[in-house]
Amino acid sequence: MKSNARVRDAPRNQEWFLTLLPVFPIVLLVMRLWYASKQDTQTLLLLVQTISPLGLLSAVLLTTVWVLPVVVVGGRLLGTLYWISTGRSSWLVRSAQRLPGWVVVLAVAMGVCTWQLRFLPTLAMLSLALLGLTVRERFPAHEELRTTFCYALPVIAAVLSYVLLWPAIVSAFTARDVATAILLTLPPVFAALLTGPVPEAPARVLTHGIAIGMAVFTPFLVGVVVMRAPILPLVAMQISLERPTAERPAEVVVGYMVASDDQMTTVLKRDGAVEFIQNGRLQSKVLCPDPGEVPRTWVNLHGWYVEHSVLSWLAPASQRAQADPRCEGRPAEETDQAVPSPSPSGAREG
């Protein structure tokens with residue numbers, strides 16, 4: 001029988017690694033500004049001068065908060081799986097055992113609140129698998145506990161998951177949304193298959209290979225998400241022309257608000273150009289919805305759209321204003337008939 005003793009030995013003198021932790025967020029912030037400036041140094045300096053570091057950091061943290069459950073739960077799961085399968089120590093096992101239980105519970109709770117509905121079955125699969133492996137590790141002589149947490153509980157959870165998610169699953173298959181259908185149907189099946197040891201020969205390649213892949217590709221995925229995260233409010237401003245005509249009485253500038261004072265308003269246009277607009281020419285201004293808010297799928301579970309998290313579903317629905325023609329680059333006129341903007345929130349309100 002494998003020993004169930006906890007592995008405490010860990011390499012020392014790794015304090016230098018802690019100094020690298022603030023480097024990654026700083027690099028992300030700088031790269032985000034560089035991306036927004038379209039690789040123009042003068043525009044980058046302008047953004048650095050005017051953008052609030054706290055606002056930029058808040059946007060980055062809100063965008064990357066979904067990564068923490070992946071790292072914590074995934075790392076603890078892989079380390080525990082390797083220890084149960086081989087009984088040998090490694091850097092992965094030591095890292096997993098250094099994570100307190102309350103950190104794992106907090107990471108799961110964070111994932112439940114912040115992950116989209118279509119990813120919750122995957123989170124449930126990882127959580128149940130980790131629970132079963134933890135019971136198998138700490139209570140090796142209790143057969144009834146292993147049967148309950150490693151087999152019965154995952155099967156019951158899978159049945160309940162299919163019962164609760166059945167309307168969304170049918171809707172995903174009807175809409176031919178293959179990605180959403182896979183995310184809603186496959187994870188509950190694999191939960192019971194991940195609660196036991198794997199053969200000792202491929203255990204190291206499997207667990208350590210996945211862990212190294214997570215360590216390598218997670219920063220790139222985070223970087224891609226951060227590069228697309230909004231850091232400035234998107235506005236549309238209608239300004240008067242020096243020589244207006246009947247066909248073109250005014251001009252609309254759509255871009256990101258950089259700064260505004262008593263005389264001038266600075267806007268970063270979508271093509272990366274910076275435009276300075278005199279306030280005397282400004283006729284009207286409106287805040288536009290972010291293009292990233294446009295839904296990619298309409299699959300939902302009783303009004304809870306699969307692209308929404310628990311927080312966004314429970315929060316009071318925002319009253320969506322009608323689509324403003326200025327956000328589309330057209331001047332606002334009294335004869336214009338605004339069309340309601342399609343959004344899951346608006347559909348849920350109806």
Side-chain angles (χ1 to χ4, degrees), residues 25 28-29 32 52 54-74 76 99 101-128 130-131 157 160-161 163-169 171-172 177 179-184 187-188 191 218 221-234 287-321 341-350:
L28 283 180
L29 297 179
R32 181 64 184 95
S52 170
L54 181 59
L56 183 60
L57 183 61
S58 300
V60 174
L61 291 178
L62 290 176
T63 306
T64 58
V65 69
W66 57 269
V67 180
L68 295 179
V70 177
V71 176
V72 174
V73 179
R76 182 67 177 267
L99 290 173
W102 65 268
V103 174
V104 178
V105 174
L106 183 62
V108 173
M110 183 181 299
V112 171
C113 296
T114 59
W115 282 19
Q116 298 178 3
L117 169 61
R118 55 184 172 181
F119 298 127
L120 291 185
T122 302
L123 179 62
M125 175 193 69
L126 297 177
S127 303
L128 291 173
L130 179 57
L131 178 61
L160 292 178
S161 176
V163 171
L164 295 175
L165 298 177
W166 183 251
I169 295 174
S171 179
D177 190 347
T180 301
I182 292 176
L183 290 172
L184 294 179
T218 298
L221 294 177
V222 173
V224 171
V225 175
V226 171
M227 290 300 105
R228 299 178 179 272
I231 58 175
L232 293 169
L234 181 63
L287 187 65
C288 299
D290 184 73
E293 297 178 354
V294 178
R296 297 182 179 87
T297 179
W298 293 96
V299 178
N300 67 91
L301 178 65
H302 304 297
W304 180 6
Y305 288 82
V306 294
E307 292 182 326
H308 282 187
S309 63
V310 173
L311 291 179
S312 63
W313 187 65
L314 295 178
S318 59
Q319 298 294 330
R320 295 271 180 168
S341 57
S343 66
S345 298
R348 177 158 54 93
E349 293 168 10

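Below, each value reflects all heavy atoms present in this structure, side chains not excepted, and no hydrogens, waters or symmetry copies. Along the sequence shown, the residues carry numbers beginning at 1.
The structure places CG of L301 at 14.5 Å from CZ of R118, a figure rounded to the nearest 0.5 Å. Taken from CD1 in I169 to OG in S161, the straight-line distance is 6.5 Å, to the nearest 0.5 Å. The CG atom of L131 sits 12.5 Å away from the CG atom of L126 when rounded to the nearest 0.5 Å.
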Run L68 and L106 through side chain to side chain contact (heavy atoms under 4.5 Å, CB included) and show every step you take. CA-CA 10 Å; L68 295 179; L106 183 62; over 6 Å; no
One pair to check against side chain to side chain contact (heavy atoms under 4.5 Å, CB included): W298 and D177. What are the steps and the verdict? CA-CA 10 Å; W298 293 96; D177 190 347; over 6 Å; no
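Heavy-atom minimum distance, S309 versus T114: CB-O, 3.4 Å. Nearest heavy atoms, G111 versus L120: O-CD2, 3.9 Å. When all heavy atoms of V73 and A107 are compared, the closest pair comes out as CG2-CB, 4.4 Å. Across all non-hydrogen atoms, the minimal contact from L99 to R76 is O-NH1, 2.9 Å. Nearest approach of L128 to A157, heavy atoms of both residues: CD1-CB, 3.4 Å. Taking both residues in full, the closest heavy atoms of W304 and L117 are given as O-CD2, 3.5 Å, listed atom of the first, atom of the second, then distance.
Panel note: side chain W115, backbone W66; a donor-acceptor pair is recorded below 3.5 Å.
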